[in-house]
Each structure stands twice: as C-alpha cells, then as structure tokens.
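One structure is given below, encoded as structure tokens.
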Amino acid sequence: MNEFTEKVIRIISSIPEGKVVSYGQIAALAGNNRAARQVSWILRSSSGKYNLPWHRVVNGKGIISLPEHDGGNLQRELLENEGVEFRLNGAVSREFFWNGST
DNA sequence: GCCATGGCTAGTA
DNA sequence: GCCATGGCTAGTA
C-alpha cells in the first residue's frame, strides 16, 4: 500500500460522527488534490477491511454519489441516524461538512 | 477501460 | 453537460 492510500485511510478513519467530507477534500488532505476518484476506489476496496466510516464521504456538492441500489439508500440512512440533515435537493447542509481539523 | 469526482462552460429565464 | 483526472477494480494477449 502506498503512502497516499495510507493517508486517505487515516483521514477517513478520523471523520467525526455526524460530519461528512468530500472525496476531493480527502484527496487534498492526503496530498494530491487531483486524486478524488482514487479516494472512491480506496473506499470500495478498503472500507470493510479497515472498518472505515465510508458513509461520511459525499461528493463536492454534498450529494451522495453511491447509486441508490448499491448502498446509497443505506448511506443516507446511516447519516441521518447520526443527525446529518439533507436539503430537498438531496445535498447535505453545509454545516455538516468537516474541515479536516480535530 | 472503468469510475462512489470536480471544475468549467453554455444556454435559458 | 462535458471532459480532464489517475490508479487499478477489468479483460485480453
């Protein structure tokens, strides 16, 4: 596993409950702001292995990218259970975005 | 080739 | 909408 992947996993692991972060934010925090799509791959391949809070990652618009039939519905449910609120357009309210600090 | 993204543009009201 | 990204999940040689 390369350094970027390790950083991404560590960052995702530290997302607080009730907060969300975008793929691009995670990539930037890990040192490569153009690797947003790789973050999605790492989530798919490593979420179970490292018990990652995969549901706290959404796209830059605050919208769930995972298809509804492939876990998207579950993702929204998990977030709502943590107190995250969605607008009518399906986007997470801005106040629920984590800025990367602890 | 694929894709759980993101940034920018164009067209409309 | 469109297309540049970029690492490996695919499939073939």
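We name chains A, B, ... by the order of the sequence lines, and we start the count at 1 in each one. Hydrogens, waters and symmetry mates are skipped; everything else that's a heavy atom, side chains included, is used.
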Next on the checklist: Using Watson-Crick or G-U wobble geometry with both distances under 3.5 Å, which nucleotide pairs with C:dT5?
Outcome noted: none
Checklist entry - Is B:dA10 paired to anything, Watson-Crick or G-U wobble with both distances less than 3.5 Å, and if yes, which nucleotide? => result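 Paired with B:dA10, as far as the under-3.5 Å criterion goes, is no nucleotide at all.
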Nearest-Å distance for atom pair [atom1]/[atom2], residues [X] and [N]:
{"X": "A:Asn2", "N": "C:dG6", "atom1": "CG", "atom2": "C1'", "value": "12 Å"}
{"X": "A:Ile63", "N": "B:dT5", "atom1": "CD1", "atom2": "C1'", "value": "12 Å"}
{"X": "A:Ile42", "N": "B:dT5", "atom1": "CD1", "atom2": "P", "value": "14 Å"}
{"X": "A:Asn73", "N": "B:dA4", "atom1": "CG", "atom2": "P", "value": "16 Å"}
{"X": "A:Gln38", "N": "C:dG7", "atom1": "CD", "atom2": "C1'", "value": "4 Å"}
{"X": "A:Asn59", "N": "B:dG7", "atom1": "CG", "atom2": "P", "value": "10 Å"}
{"X": "A:Lys61", "N": "B:dA4", "atom1": "NZ", "atom2": "C1'", "value": "14 Å"}
{"X": "A:Phe97", "N": "B:dG6", "atom1": "CZ", "atom2": "C1'", "value": "13 Å"}

What interatomic distance, in whole Å, is found between [atom1] of [M] and the corresponding atom of [N]?
{"N": "C:dG6", "M": "C:dA10", "atom1": "C1'", "result": "16 Å"}
{"N": "C:dT12", "M": "B:dC3", "atom1": "P", "result": "16 Å"}
{"N": "B:dA4", "M": "C:dG11", "atom1": "P", "result": "15 Å"}
{"N": "C:dC8", "M": "B:dG7", "atom1": "P", "result": "22 Å"}

Checklist entry - Going by an N to O cut-off under 4.0 Å, is there a salt bridge joining A:Glu80 and A:Arg76? => result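 Salt bridge between A:Glu80 and A:Arg76, a charged N being under 4.0 Å from a carboxylate O: yes.
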Checklist entry - Within a reach of under 6.0 Å around CD of A:Glu3, are more than 12 heavy atoms found that belong to other residues, nucleotides or ligands? => result no
Checklist entry - Same cluster for A:Ile63 and A:Tyr23 if Ile/Leu/Val/Met/Phe/Trp/Tyr side chains link at under 4.5 Å? => result no
Phosphate-side-chain proximity, [X] and [N], N/O vs OP1/OP2 below 4.0 Å:
{"X": "A:Arg34", "N": "C:dT5", "answer": "no"}
{"X": "A:Trp41", "N": "C:dT9", "answer": "yes"}
{"X": "A:Ser22", "N": "B:dG6", "answer": "yes"}

Checklist entry - Between B:dA4, C:dG6, B:dT5, which nucleotide gets closest to the side-chain atoms of A:Asn32? => result C:dG6
Next on the checklist: If you only use heavy atoms from C-beta on, which nucleotide in C:dG6, B:dA4, C:dC8 is closest to the side chain of A:Arg37?
Outcome noted: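 For A:Arg37, the side-chain atoms sit closest to C:dG6.
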Next on the checklist: I need the minimum non-hydrogen distance between A:Ser13 and A:Pro53, along with the two atoms involved.
Outcome noted: CA-CD, 4.1 Å
Checklist entry - A:Val57 pairs by side-chain contact (heavy atoms from CB on, under 4.5 Å) with which of A:Ile26, A:Leu66, A:Ile42? => result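 Filter result, single survivor: A:Ile26.
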